[in-house]
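All chains are named by letter (A, B, ...) in the order of the sequence lines, taking the proteins before the strands, and each is independently numbered beginning at 1. Worth saying up front: this structure is predicted, and the values here are computed from it rather than measured.
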Amino acid sequence: MHKVLVLRAPGINCDGEAAAAMELAGAETALVHINRLADGSVRLADYAMLLIPGGFAYGDHLGAGRMLAVDLIHRLSEDLHTFVADGRPVLGICNGFQVLVKTGLLPDHAVGRATLIDNASAHYECRWTRLAANPASPCIFTAGMDEPFDLPVGHGEGRFLADEATLERLAANQQIVVQYIDASGLPTDQYPANPNGAARAIAGICNRAGNVFGLMPHPDRAFLPQQHPQWRRRGLDQAGPGMAMFNNAVKAMKRI
Amino acid sequence: MSSYLVTVRPLEANTHERLYLLAGELTAADVERLTTELLHDPVAHTAHWQELNSSFADSAPAPCVEIAFRPGVTDNEAETILTGARHIGIKRLVQAKTIRRIRLPHQTNLADLQAYAYDELLNDLIETAYIASVPDDQGRRSFYQHLLEIPAPHTPSITRVPLRDASDAELERISREGILALTLPEMQAIREYFTIEQRDPTDGELETIAQTWSEHCRHKTFRARISYRQTSGEPPADRAFAALHPALAELEAADGAVIDGLLKHYLMRATEAVRNPALLSAFVDNAGIVAFDDDFEISFKVETHNHPSALEPFGGANTGVGGVVRDVLGVSAKPIAITDVLCFGPADLPEERLSPGVLHPRRIRAGVVAGVRDYGNKLGIPNINGAILYDEGYVANPLVFCGTVGIAPRGSHPRGVQPGDAIVVIGGRTGRDGIHGATFSSVELTHDTAETVGAAVQIGDPVTEKTVIDVLLQARELGLYSAITDCGAGGLSSAVGEMGEETGAQVELRDVPLKYAGLQPWEIWISEAQERMVVAVAPDNVQRLLELCAGEDVEATVIGVFTDDGYLNVRYAGQPLVDIAMEFLHSGGQRLELQATWTAQAPQTAEASARSDHGATLAALLAHPIIASKENVVRTYDHEVQGSTILKPLVGVGEDGPGDAGALQPRIDSLRGIVLGCGINPRYGKIDPYWMALAVVDEAMRNVVAAGGDPSQTWILDNFCWGDPKLPDRLAGLVRAAAGCHDAALAYKTPFISGKDSLNNEYRDAQGNRVAIPPTLLISAMALVPDVLKTISMDAKAAGNSLYLVGTTKAELGGALVAEVGGLDNGRVPQVDLAMAPRILTALHSAIAAGQVRACHDLSEGGLGVAAAEMAFAGELGMALDLRAVPAAEALDDATILWSESPTRFLVEVAPAHSGAFERSLAELPFARVGAITATPSLVVSGQSGVTIIEADVMDLKTAWQTYR
């Protein structure tokens, strides 16, 4: 059974499209409110994958993703760590990425090494970005994504920030999974190609094992070819550029 | 009880800091945990906490400004701290307050600091500040203590208003002083009702009637009987013209006309006459509803939130979005798109031209845009269409139009209140915010409005609204409610009053959950606190509904029951507050009789154009704030959430060109889609609102058709924003605009499905001078497209393709934007050819649907010149244009061809292989090949004489257009 738990919480608002993308990839999904996990009526262990979608959980008050992270740590910490240790896939998109970082599941079981803060532009930004995945990364979600691809971002607090030692460690362990790139294909700190001023152009990172992945851009808004802004000029592709991540997730679930 | 101050500072150099006040039986360990686990992020901030009564010396921040919400104003972040504290197991935190501190190290003069703070940083209506140029522990501490003060409890009381013995003069005074906005005849009708009842009304009863009879809720002007006459007639229209313009012909009859209600006579009548088979609900529900396919229905509603946005731009626009989303939730639909159209005073208005008490347009704009952004993004609804306009007439009275589109399974919206159903209020708590919003919208703004109706300002809480949407859509699927409505203007009084109109209702106000103590019963009853919905629930379903809500942390409370006695019966702790017959509440009072007098403007005499450098005119037009790029705003709105946006608001190679419309694919399993567009042009309204109405309907239709929408499956919404309808000249313009809506709907066979009017958009300054906004009509259009893959964008696609101009160009420079950059206004307002326009739309649509068109852009402000430039630079391609080929009805000079705003015109790019088929699609209609797309990125325009009159690099044109002022 390859059932994906798509987490709902007050202010999460991308659960519908995330579930739609997973289903298109062949997974079964269940939209589950965090209160059902907390009260024990739904068990995380019964699912093959956890997807934390985008949105503004608890209004992003006190920092994006922070309150939902507090909720997960205090109400589900053990279940979550077991789930991750089992190697089951965990995907956090946008607000979900912020949540994973603020729980400390990303980069690796430690709060306070990395964070996501206000965009360098100091405002919310909705735009398509050009990205490259790291072929050497252990991330299960980006396997085979060798060519640069486009995904949209939509966030106000997407600027990845960490101390130099943490950044070095992430790089050495190939945990920097996805980076914003410029027209020449190189990681960039130039706005708007890098829409938020993220350190080392980081758009997404994974844990050392590669089963937990979070990213600011939205593959869940780019799984159909017609969602891409350039199909009228370049022609329609077979699938949207984000679809590969969901297909990879389903493949990974089958392996476990 | 102990109180603490937590100071959070960014590690990066930043002048902004966050302060938190915490109060409760807290230990040092509790405060340490709250600080570490909730209030700061160690990677980005440092944090420091202390007891409130300890010395501040270590954090002396002067000079600085510290800003907090006034006590009683909703502080969403503070609420989240309370929730977070519970989640981490700290139950003794009872109060939290947030403060933002701005350090201004170079502002050492206190008076300057204060002036800057009040002009730029805070809104006195909802916020309070501590401002210090030198360290002052005592002043700071008392500011913090003031914020933590608990409002003194006062005993709830119900007051009787001695109305039976009141003279007419006293009746008028009671209405005015209570901000009831009731007319003398209405007050007399109320006096008569209570005389028969042999008692005086309570404060609650008077308020209930005022809300229900308000212009906002009852649309008195749109239902009034209007005697219309015009002082200067136009020559009698010929018969063919009269057949196409029946409503105008009626108005121009020699002895005037009597209109039996604008809503009924023009809008509803036109909709009935069109007989659109897909129309499911028009003018009845909270939103218009049409069939999307066999399984789903689409709803659409557009509202305004003008007066609140004038006083508190962020909160006003924020709750404007929240309110119209609830309208769509009120027809049991899931919101799938947001639109916003904003009208401001000029952003570069000199400060000295600003009246006292009026915020600068720049500040209003910043607040409104942020308010729309905040609410829409947090709800996760894509904002895919809109416009921003500027006019001096909007300085004191900005307009904020917010729209929402929803989708629901066909027939899933229940409308059957049964006696015995419980009245359940769901969502936000009730506070003193938004008192008198409904009646406030019916009074003109003055320089001291902010002081008298401060409580009308509302603060939004989008996350609460999102949770309400989440549970109500589940409740709909489970069939748990029998009727639903939003709590909007008039609050519970309107929601319960309307739902129980046919039955009767009984309410116990003590059961309504409150934000804080101290509200009088009548305030609970009419408060317009946000994020509340009211549902009628059969007794068997109450428990399941309450459990569903509790399971997702949504507050739901039974506050009463629908009865069968035809009375509205409201109590507070058993004491009667309201006991009046529904019949009187909904049918009482008098229908207004109004006079309208139209005086046509003398056409301006045409003078030679001052500027013959057409290239410079083009650059100036592109940089005009109305035409210039809105990317800096659009990018801050999420237009991709839900993954359904197939035609983005920004298009082209650089994804920054000005799209004509947005298109959505609402269902992942179907390529069927909808296209949204809009039309608005107050400059035409200043000349003649009739022709403005035709022009803006045409513009809305052009937008959706240019993107691939089907004009035979298009529905439109009207939003009139006008001055005081009691003034005959203002009302005559309104009549003419409504008449234009009627004639346009019939000609295009496009029904109105919903509408709203916002009147009394006037401002009276301290000297008593009255200024009305320009007559403004927004038409919002929604079109079906059977296959979203057939939608097209406006950017030029490939060199070698032909460029066609569809539609006839006339010397119509009345209200043309070129006049604002030194060009000519000849006073001739654009006049839609109602015989030709629908034929052009139909033919063009068939060409687009057949795949013959690569790009299409409609001609609007700035005419052909601007449309061509936009199309070229969005595609980063060149364009060669020959004005001699332009289809024209008369001999025109180059300037007129370039800048005329004649309606129903499009620039269309067609590949050579499709040229023959395209020309056949448009056969017998006015169109011509006027040029071609070129590989060299320059726009080259040949004039009548055959010489080049414009030659400009398209990227230079784009740079001019990307001017943000």
Quick check on [X] against chain A: is it the side chain, the backbone, both or neither that has a heavy atom closer than 4.5 Å?
X	answer
Val653(B)	both
Glu465(B)	neither
Ala796(B)	backbone
Asp795(B)	both
Thr467(B)	side chain

### Task
Tell me, with the steps shown, if His74(A) and Glu37(B) meet side chain to side chain donor-acceptor pair (under 3.5 Å).
CA-CA 11 Å; His74(A) 285 271; Glu37(B) 295 180 33; 3.1 Å; yes

When only pairs under 4.5 Å are counted, which of [options] shares the most heavy-atom pairs with chain A?
options	answer
Glu552(B), Glu12(B), Lys466(B)	Glu552(B)
Lys648(B), Arg18(B), Arg635(B), Lys797(B)	Arg635(B)
Thr464(B), Ile469(B), Asp374(B), Val641(B)	Val641(B)
Leu379(B), Thr98(B), Val651(B), Val634(B)	Leu379(B)
Thr645(B), Asp470(B), Asn377(B), Asn76(B)	Asn377(B)
Gln642(B), His40(B), Gln665(B)	Gln642(B)

### Task
Look at the side chain of Glu655(B) and the backbone N and O of Gln230(A), then say whether any donor-acceptor pair between them is shorter than 3.5 Å.
no

#### Entry: Expected output: side-chain Gln226(A) to main-chain Ile646(B) donor-acceptor under 3.5 Å
no

Indicate the atoms forming the closest heavy-atom contact of [X] with [Y], along with that distance.
X	Y	result
Tyr124(A)	Tyr637(B)	CE2-C, 4.3 Å
Ala20(A)	Ile668(B)	CB-CD1, 3.7 Å
Leu161(A)	Val43(B)	O-CG1, 3.9 Å
Ile117(A)	Ala44(B)	CG2-CB, 3.6 Å

Residue [X] versus chain B: region with a heavy atom under 4.5 Å:
X	answer
Leu236(A)	side chain
Leu224(A)	side chain
Arg232(A)	both
Arg234(A)	neither
Leu62(A)	both

### Task
With the side chain counted from C-beta on, respond yes when Asn35(A) and Asp553(B) share a heavy-atom pair under 4.5 Å apart, and no when they do not.
yes

### Message
Is there a side-chain contact between Tyr58(A) and His87(B) in this structure, where contact means two heavy atoms from C-beta onward sitting under 4.5 Å apart?
### Response
yes

Value rounded to 0.5 Å, distance of [atom1] in [X] from [atom2] in [Y]:
X	Y	atom1	atom2	answer
Asn383(B)	Cys126(A)	CG	SG	10.0 Å
Arg233(A)	Ser793(B)	CZ	OG	7.0 Å
Leu650(B)	Trp128(A)	CG	CH2	14.0 Å

### Query
Is there any side-chain hydrogen bond (donor to acceptor under 3.5 Å, both in side chains) pair reaching into residues 9-23 of chain A, and which pairs are they, with sequence neighbours excluded?
Glu23(A)-Thr29(A)

### Summary
Max heavy-atom pairs within cutoff under 4.5 Å with chain B, candidates Arg8(A), Arg75(A), Glu125(A), goes to Arg8(A)

### Query
Given the options His123(A), Arg66(A), Arg127(A), which has more heavy-atom pairs under 4.5 Å with chain B than any of the others?
Arg66(A)

#### Entry: Contact residues of residues 151-160 of chain A (partner chain B; heavy-atom separation under 4.5 angstrom)
Pro152(A), Arg159(A)

### CD/Glu547(B): more than 12 non-hydrogen atoms of other groups inside 6.0 Å
yes

